[in-house]
Protein chains: 4
Amino acid sequence: MTPADQTPREDPSTITSQPRPATTGTRATSGRRSEAARLAVLNAADDLLVEHGFEALTIEGIAAAAGVAKQTIYRWWKSKVDILFDNLVLDAETALAWPEPADLRAYVHRYARFLAEQPAGQVLLALLGHAQLDRRTAELLHDGFLDGLRARDVTQVRELLGLDEEAAAVLLDALLAPLYHRVLVLRRPLDTDFVTAVLDTTLDQHLPR
Amino acid sequence: MTPADQTPREDPSTITSQPRPATTGTRATSGRRSEAARLAVLNAADDLLVEHGFEALTIEGIAAAAGVAKQTIYRWWKSKVDILFDNLVLDAETALAWPEPADLRAYVHRYARFLAEQPAGQVLLALLGHAQLDRRTAELLHDGFLDGLRARDVTQVRELLGLDEEAAAVLLDALLAPLYHRVLVLRRPLDTDFVTAVLDTTLDQHLPR
Amino acid sequence: MTPADQTPREDPSTITSQPRPATTGTRATSGRRSEAARLAVLNAADDLLVEHGFEALTIEGIAAAAGVAKQTIYRWWKSKVDILFDNLVLDAETALAWPEPADLRAYVHRYARFLAEQPAGQVLLALLGHAQLDRRTAELLHDGFLDGLRARDVTQVRELLGLDEEAAAVLLDALLAPLYHRVLVLRRPLDTDFVTAVLDTTLDQHLPR
Amino acid sequence: MTPADQTPREDPSTITSQPRPATTGTRATSGRRSEAARLAVLNAADDLLVEHGFEALTIEGIAAAAGVAKQTIYRWWKSKVDILFDNLVLDAETALAWPEPADLRAYVHRYARFLAEQPAGQVLLALLGHAQLDRRTAELLHDGFLDGLRARDVTQVRELLGLDEEAAAVLLDALLAPLYHRVLVLRRPLDTDFVTAVLDTTLDQHLPR
DNA sequence: CAATAACCGAGACGGTACGTCTTGTCTTGCG
DNA sequence: CGCAAGACAAGACGTACCGTCTCGGTTATTG
């Protein structure tokens, strides 16, 4: 196992992660990995992606912006995709958490806001785009994030509405497909009215009173 | 206007195109553009995309495979995206034609096959992916292809079902969103059963008997 | 034969070279090699070597100083050694020419001045040093320069003094060995008195009156 | 004074050295320097130099081959040159010792064998080569080895042949210059016949009976 | 007989330079 | 003039070592 594989990538069936060893606090410079460097890289990559886009994002640029040596990046990540992926997993954990108490309509609205407005949403869209162009990215994104996210959501919907797995998956897809379609294909804004309309139409149809 | 802009890019409101000047046949060696070189480039780009993917597609590789000088490509296209776009417009014209007589269910099935199986569908998915990463690609793809395609389809649906423009657009999106979602996000096969289920569910809902 | 081999490296038995195609004058940028770039690289390498030494001489530094892209250097030379070698061959042609009329004592004095004072002598000493560390450099330097130089000098000595080849070679080595020993090993100045003493001692011994 | 300066480097006027503190034997891991680590580094450097050459010799490679941490090397040596230098001083002490009873012809033959065949001779030639490229190496080699060696030999020749210092130095240089010239410049073998010829010619000339 | 001080291995860190690759521009010479 | 050919400046790629820096884990004297 090469060092680049040691980046903690948790169980794909969940998106909870990072039991980071609770470093002392600031500069954990030693024989072990520097938390400061890790965070600097993740943040620099995020900032540069939002500011200049995926194409203009380079390892050299990230290294320079993070004040880190290029080799420090290559030691822990294989590519800029891996860096963005780590960012995605990190941020999605909170940004895509289910509301308490569980509420499907609120969750879909939160999902829409995540896709349309939040930096981590930008990261997901960029990775989804790149996944169309690169098999490795597609596998990483699905095995490491999307599949686990969907499994979690299907379970939630099942418990919430008392559906079987098949029906819950169909309902979830029916709710999310218009969202993804609107941002990925139509490139139109995911305003609240649209999400509400999707919810009304779809829930009426799947959950007749 | 630079030479690269001279590539005939027809009215965005339609996807019909290429009244190519019916070149003599073989080697159009003269003061005017070589049809042989143009086709060699388009075909080489298509082949290389299907064979090695978008990332591995380079201008130099296309030039080499087409037996054409690099500058000949740069004279007529701005980027590999433009080459693929030309291919897309060329092929989609027939692959996404409405059946005669007009039939919505047949058209959606054809659309699904286009996305899932045909080379031009691969091109569209690659360009859609790249459009998430590059604003210029997004604009070209929408202004030059997707918007016109959608306008045409909305009109067809209106005429076919007697709906107003708003309703026709909503119906069209409801039919296509699951398709795009399934290939772009879920990466699952677009089998006939799935398309039929989408059609049944959606048409029931939107067109109550 | 790769481009890097095309650098004209003439017959090893002679050190005359460079029938450069007498370029038009200024910027010969075209499908053919740029004379301006070639000279800029050679001069930059020479300057940087004299100023900062062999160790500090880098391809990137030469490229920057010459205002040339790194790849332009790699296209025509394999390494900084090759660049210095070209410089050596170029300059030695005149700096180590035999005087007219041929005069052994004058030639040895000229040789000493070449080794001790001239930039091209610095280049030769650097390459001789590097040849101790790198087999490839050793072969290049001997096959491409030293062997030819020695063959030429042996012939001159034969014709001049009427010796057979063996005797001429022994005499030449006896004259040059103290020079090289003094600069390479003793690191002491090659002053005129020393060279004269070597000539007196050695010629007395080899050419008894 | 930094630790790196603590490497015992004896009086330059002599090449005798190493009153090493007679360590316990095997693993002297404690507050004081580990003799095992020191020897492992010296031997690894020697082996790697002979096997792969000076250029391919790296601190990291030596550390790995010696089973030693990089920092352990940097604690005691400044560079790979310093390591090789220590090896040279260590080995030359015996390899270049004067025969008993003192015999000039035998010593020159021994010198030739040292240069041509022995590992320590390889080290000297490599350092001599590097000294042409690096001022620091030149100073270390002369101040720490060559000058002391020459002083010792001049003294020996004086005592042996009853010459004054000037004449003894000239004779010594006359004997050694052809040897160094032959290996450094001509790259030809230092066979016994050649050395004998040098001795016959030079001694005849300098010591006429 | 603990405390302490220096060495040791391990290896992450910020860097420099490497040699390769592709981009997009340019110029020549042929047809 | 279009075109094949290919050199050019620019700059990102991923790799190899550099020299510096903690980190823990050993001894061996010291207090």
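Each chain gets a letter, A, B and so on, in the order the sequences are listed, and its residues count up from 1.
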Should A:Arg32 be listed as having a side-chain N or O under 4.0 Å from OP1 or OP2 of F:dT22? no
Distance, rounded to the nearest Å, where [X] contributes [atom1] and [N] contributes [atom2]:
X: C:Trp77; N: E:dC18; atom1: CH2; atom2: P; value: 15 Å
X: C:Arg136; N: E:dG19; atom1: CZ; atom2: C1'; value: 14 Å
X: D:Lys78; N: F:dC17; atom1: NZ; atom2: C1'; value: 20 Å
X: A:Leu57; N: F:dC13; atom1: CG; atom2: C1'; value: 14 Å
X: B:Ile73; N: F:dA5; atom1: CD1; atom2: C1'; value: 14 Å
X: B:Ile62; N: F:dA4; atom1: CD1; atom2: P; value: 14 Å
X: A:Leu48; N: F:dA12; atom1: CG; atom2: C1'; value: 15 Å
X: C:Glu55; N: E:dT16; atom1: CD; atom2: C1'; value: 14 Å

Taking A:Lys80 for the side chain and A:Phe54 for the main chain, is one N or O donor matched with an acceptor at less than 3.5 Å? yes
Would you please name every residue forming a side-chain contact (heavy atoms from CB on, under 4.5 Å) with C:Ala40, sequence neighbours left out? C:Ala66
Comparing nearest nucleotides in DNA chain E, the 5'-proximal residue of the pair B:Ser79, D:Glu60 is D:Glu60
5'-most contact on DNA chain E (nearest-nucleotide basis), D:Ala66 vs A:Thr72, goes to D:Ala66
Of the candidate nucleotides [options], which contains the atom at the shortest distance from the side chain of [X]?
X: B:Tyr74; options: E:dC13, F:dG14, E:dG24; answer: E:dG24
X: C:Gln71; options: E:dC8, E:dC21, E:dA12; answer: E:dC21
X: D:Arg75; options: E:dG11, E:dC7, E:dC21; answer: E:dC7
X: D:Trp76; options: F:dA7, E:dC7, F:dC13; answer: E:dC7
X: A:Ile59; options: E:dC8, F:dG14, E:dC13; answer: F:dG14
X: D:Ala37; options: F:dA12, E:dC8, E:dA17; answer: E:dC8

Check whether any side-chain heavy atom of C:Lys78 sits under 4.5 Å from a side-chain heavy atom of C:Arg136, and report yes or no. yes
How about B:Ile83 and B:Leu57: do any of their side-chain heavy atoms sit closer than 4.5 Å? no
Smallest separation among heavy atoms of B:Ala126 and A:Leu133, with atom names: O-CD2, 3.2 Å
Contact class for C:Gly67 (heavy atom, under 4.0 Å): base, sugar-phosphate, or nothing? sugar-phosphate
Distance criterion of 3.5 Å, no angle test: do you see the side chain of B:Lys70 paired donor-to-acceptor with the base of E:dG24? yes
Heavy-atom nearest nucleotide on DNA chain F taken for C:Val68 and for A:Thr58; more 5' hit belongs to C:Val68
